[in-house]
Trainee: 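Quick one: this structure, given as structure tokens, is what I'll be asking you about.
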Amino acid sequence: MSKEITNRSEDYSAWYTDIVKKAGLADHSAVRGCMVIKPYGFGIWEKIRDQLDFMFKETGHVNAYFPLFIPKSFLSKEAEHVEGFAKECAVVTHHRLMNDPNGNGVVVDPTSKLEEELIVRPTSETIIWNTYKDWISSYRDLPLLINQWANVVRWEMRTRLFLRTAEFLWQEGHTAHATKDEAVSETRLILDLYAEFAEEYMAMPVIKGVKTPNERFAGAIDTYTIEALMQDGKALQAGTSHFLGQNFAKAFNVTFLDENQKRDFVWATSWGVSTRLMGGLIMTHSDDSGFVVPPKLASLHVIIIPIPKPDEAIDEVALKIIAALKAKGIIAKYDTDRKKRPGFKFAEYELKGIPVRLGIGKRDLEKNQIEVARRDTKEKYSQAIDGIEDHIEQLLVDIQDNLFNRAKKFRDDRISKADTIEEFKEILDTKAGFVLAHWDGTTESEVKIKELTKATIRCIPIDNEQEDGKCILTGKPSTQRVLFARSY
RNA sequence: CGGGGUGUAGCGCAGUCCGGUUAGCGCACCUGUUUUGGGAACAGGGGGUCGCAGGUUCGAAUCCUGCCACCCCGACCA
């Protein structure tokens, strides 16, 4: 049937695309590299967004909104920043269309050329720091803790649903501080917040660390990252938090007077996660039967299926269960479609990854029980209807825990150590995953290792164990192992 | 940007090499009957600018020219 998905072992990339499309998460659109996020996928993104938004606000941040367009001259004010993004910008040059004199629809009106081109934001540091200049004059204006939920455009050469699209949705936090220490603390606070979200809500274990200069955000002093491991052994950068120093304050001349009437540049951070998280979610938990949603991000927790079809006795029990679950904040739905048979529905909801399925038929009702099926393990068993809401409440907790523990074990089993470049390659080609190895600290070696192995330094883990060793490439002395992997 | 592929019904495809009735099949959709504890069966029905623009021809999904779009694999990136 058309709903069948490619096996992971056969073609992981095709499997991924199948899940995204067939579970109804997103689709390719008429525009190159841009996707349509469908209601089911968007519902999960909304859960991600709502939870993060809550966490941002709990830590003192507020939301605002800045323009989609950035004057070209703004972008070039921070030299490294513009260099990092210049190659992937969409540019607005005109503001009007007109009827084609030759009668072929509409064409760009050449008289509507803009004085200065506008860039569709690839990220908003420049427009925001240009605005902050007017908002900050005293230490009393600081810290300024602002986040925005927005879309951005990066004209990528090659795109992949959720993982890398030309337009994507994200949040970007931009904060301003009076001191370096405060800004660094903010950067780390958000890194911890991201890690907590990834592990607690997405059930996706991550490694926190700092990027090497080579992998740093364009314009940052330090880039912190959370790195997750996908089922095919490739790493995914799931979120980044940047300490920007005074780079943007200097570029946009944002200064303040401190308590001692001394003028100084403001210290900055920026941080973001995007719809890429959806890709991480899929590639952490899903299987050959389809998507698997962790209960904490599910827009629907429980699906109730009448067997073989709705009737009065079944309806009554189903509606009672839905009400009891609702009282506990658990969202359940009763599938009353008479056209589809139970087997079809089973497959369909497995594909969509609904955490718990309840089957109710005459056989069950006679024994005053129902069939419970959990999506994560695909186990099925009978359970007394009496008190079912308590059972499901606990089951959802168990599923959430199981997903995390399973993913963590998978990840931990794929953290290896390599002491030579041969060993390093061998591991990448066989079991893949993360490889801890010594590195001499130079960009030159890092780039060379990438050329030789396609693996990059994902990060230098926070609180990394110090250990004397030799760089796997050059043999030069090193004081710690860094985390390598092939990545998305 | 290099290499490969694909554009035909909502989806998946055949037909194109070698031009010729009314463009076909599966899924989905609509109607009906029988079914129903892991993707039902039968009967009937609706749905098409064959990616776009030129050209050749009595006749083009099919041949020629040009263009466009999307997907996949690489190099670059969240």
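Below, read A as the first sequence line, B as the second, and so on, with proteins coming before strands; counting in each chain starts at 1.
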Trainee: For RNA chain B, which consecutive runs of 3 or more Watson-Crick or G-U pairs (each distance under 3.5 Å) count as stems?
Mentor: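 Expected stems, ordered by start: B:1-7 with B:68-74, B:10-13 with B:24-27, B:29-34 with B:40-45, B:51-55 with B:63-67.
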
Trainee: B:C70, OP1 or OP2 - any side-chain N/O from A:His28 closer than 4.0 Å?
Mentor: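 It does not, given that no N or O in the side chain of A:His28 lies less than 4.0 Å from OP1 or OP2 of B:C70.
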
Trainee: Closest-nucleotide mapping onto RNA chain B: is A:Phe217 or A:Ser13 further toward the 5' terminus? I mean the 5' end.
Mentor: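 Nearest-nucleotide comparison on RNA chain B picks A:Ser13.
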
Trainee: Please confirm whether the backbone N or O of A:Thr187 pairs with a side-chain atom of A:Ser241, one donor and one acceptor, at under 3.5 Å?
Mentor: yes

Trainee: Regarding A:Lys362, tell me which of base, sugar-phosphate or nothing describes its non-hydrogen contacts under 4.0 Å with the strands shown.
Mentor: base

Trainee: Are side-chain heavy atoms of A:Ile5 and A:Phe291 found at a separation under 4.5 Å?
Mentor: no

Trainee: Side chain of A:Arg338, backbone of A:Pro310: donor and acceptor closer than 3.5 Å?
Mentor: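 Between the backbone of A:Pro310 and the side chain of A:Arg338 there is a qualifying donor-acceptor contact (under 3.5 Å).
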
Trainee: So A:Glu350, base contact, sugar-phosphate only, or nothing? Heavy-atom distance under 4.0 Å.
Mentor: base

Trainee: Any N or O donor-acceptor pair linking the side chain of A:Arg154 to the base of B:C77 at under 3.5 Å?
Mentor: no

Trainee: Check this one for me: any side-chain N or O of A:Arg341 less than 4.0 Å away from OP1 or OP2 of B:A40?
Mentor: yes

Trainee: Taking the six-membered ring of A:Phe168 as reference, does the NZ or CZ atom of A:Arg276 fall below 6.0 Å from its centre and within a 45° cone about the axis?
Mentor: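 Output no; distance or angle outside limits.
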
Trainee: Please confirm whether the shortest side-chain N or O distance from A:Lys340 to OP1 or OP2 of B:U35 is below 4.0 Å.
Mentor: no

Trainee: Is A:Lys378 side chain donor-acceptor paired with the B:G38 base, going by distance under 3.5 Å alone?
Mentor: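 For A:Lys378, whose side chain was compared with the base of B:G38, there is no donor-acceptor pair (under 3.5 Å).
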
